[in-house]
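Ligands are counted one by one from 1 in listed order, and the atoms in each one are counted from 1 as well.
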Amino acid sequence: MKDLILNVQNEIAAFAITDNQSLEAFRIYFLGSKGKTKELFGELKSVPNEQKKEVGQQLNELRKTAEDKFELFKESLASSQEDANSLDLSRPGDSDEIGARHPLSLVRSEIIEIFSRIGYTVSEGPEIEDDWHNFSALNFPPEHPARDMQDTFFIEKGENEMALRTHTSSVQVRVMENSTPPIRTISPGRVYRNEAISARAHCFFHQVEGLYIDKNVSFADLKQTLLYFAQELFGDKAQIRMRPSYFPFTEPSAEVDVSCTICNSKGCNVCKYSGWLEILGCGMVDPNVLEACGIDSKVYSGFAFGMGIERIAQLKYKVNDLRLYSENDVRFLKQFTPGI
Ligand code: DAH
């Protein structure tokens, strides 16, 4: 009896099921009402009583093996059938999506390119800053409102105060601490401020900081550098104007407007009918800042400037809602790369 069971076991293993017909033949041969397992079960009565239990178990296992193989092939034949039915040769193929550069990256690269043509290097700094690099070395008095919780995302308060940088001016401190003049560098990067998100404000945005330190650097150099920049970015006809302003780290300080490129200074709703658009802040580096960063303010002078990349992109691409830049909507992002 044991030999018979073993033979059938081998037969089950050897039986090739390739399609629905052979599957049905398998079922009839091994599991049908006149099939092999039934036949063997029928012979159980001739087995001596003391072996009945053991042989019975072996027969149950045999039936289970046959059933398992039947189910396995039934399922796989059914799913391959499905695949074959769902194959639609007229369907258009999946195309590979070609990505586009983010508008802020495009503007950032253009700014870097313009300044690299007049000898500026690119330097970067950490987005998590200590109080020294973000505020103290830049001549912010201890009670300055920019240090307030309203503007700054603090990560750690107290003695080892750490915060997300609120501007890229922190990088000028790092550069001055680690190099000797002449220094000519720009620092693009992300900055953070604790602001409610709206079309005109965001809790993170991007800036480019500029720094030039050498002997005899004057305000005239600053003005000419920014005029060059504005004309490279907005075209030969672009003009700039400077308005007196205040920043703790520059003295004197100014805000710079560029002539409205949208209406050619005739007046439109973007420039609010003034003919001018504000694009950056700048000034001569305050001697206190030079000294704090280990540079002799009696020998060296310099200028600094800082601009928002979103602001420039807004003027170049006429995108007025800041939120669009971080929503990752491909329909928006694709518009800035022609031909895709
Ligand atoms: N750090 C300033 C801001 O975030 C921008 C700025 C103004 C940077 C004047 C400068 C500068 O380097 O000289 O608003």
**Student:** What protein heavy atom is closest to atom 12 (O) of ligand 1, reported as residue, atom name and distance in Å?
**Tutor:** Glu209 OE2, 2.6 Å
**Student:** Who's closest to atom 3 (C) of ligand 1 heavy-atom-wise, of Met284, Glu255, Arg193?
**Tutor:** Arg193
**Student:** Is Phe249 close to ligand 1, meaning an N/O of one under 3.5 Å from an N/O of the other?
**Tutor:** no
**Student:** Under 4.0 Å from ligand 1, counting heavy atoms only, is it the side chain of Ala304, its backbone, both or neither?
**Tutor:** both
**Student:** Within ligand 1, which atoms have a heavy atom of Gly283 less than 4.0 Å away?
**Tutor:** 13 (O)
**Student:** Would you say Thr337's side chain and Lys334's backbone share a donor-acceptor pair under 3.5 angstrom?
**Tutor:** no
**Student:** Assess whether a salt bridge exists between Glu327 and Arg323, defined as any Lys/Arg side-chain N lying under 4.0 Å from an Asp/Glu carboxylate O.
**Tutor:** no
**Student:** Show which atoms of ligand 1 fall inside a sub-4.0 Å distance from at least one heavy-atom site of Thr250.
**Tutor:** 13 (O)
**Student:** Sub-3.5 Å donor-acceptor pair from the side chain of Ser105 to the main-chain atoms of Arg101, do we have one?
**Tutor:** no
**Student:** Looking only at atom types and distance, does a side-chain atom of Lys69 sit under 3.5 Å from a main-chain N or O of Phe15, one as donor and one as acceptor?
**Tutor:** yes
**Student:** Only one of Arg311, Lys272, Arg243 forms a salt bridge (Lys or Arg N to Asp or Glu O under 4.0 Å) with Glu278, so which one is it?
**Tutor:** Arg243
**Student:** Closer than 3.5 angstrom, by distance alone: can the side chain of Arg165 be matched with the main-chain N or O of Asp130 as a donor-acceptor pair?
**Tutor:** no
**Student:** Within ligand 1, which atoms have a heavy atom of Ser169 less than 4.0 Å away?
**Tutor:** 1 (N), 8 (C)
**Student:** What atoms of ligand 1 come closer than 4.0 angstrom to any heavy atom of Gln207?
**Tutor:** 3 (C), 4 (O)
**Student:** Quick check on contacts: which atoms of ligand 1 are under 4.0 angstrom from a heavy atom of Gln172?
**Tutor:** 12 (O)
**Student:** Salt bridge or not between Arg174 and Glu124? Use side-chain N to carboxylate O under 4.0 Å.
**Tutor:** no
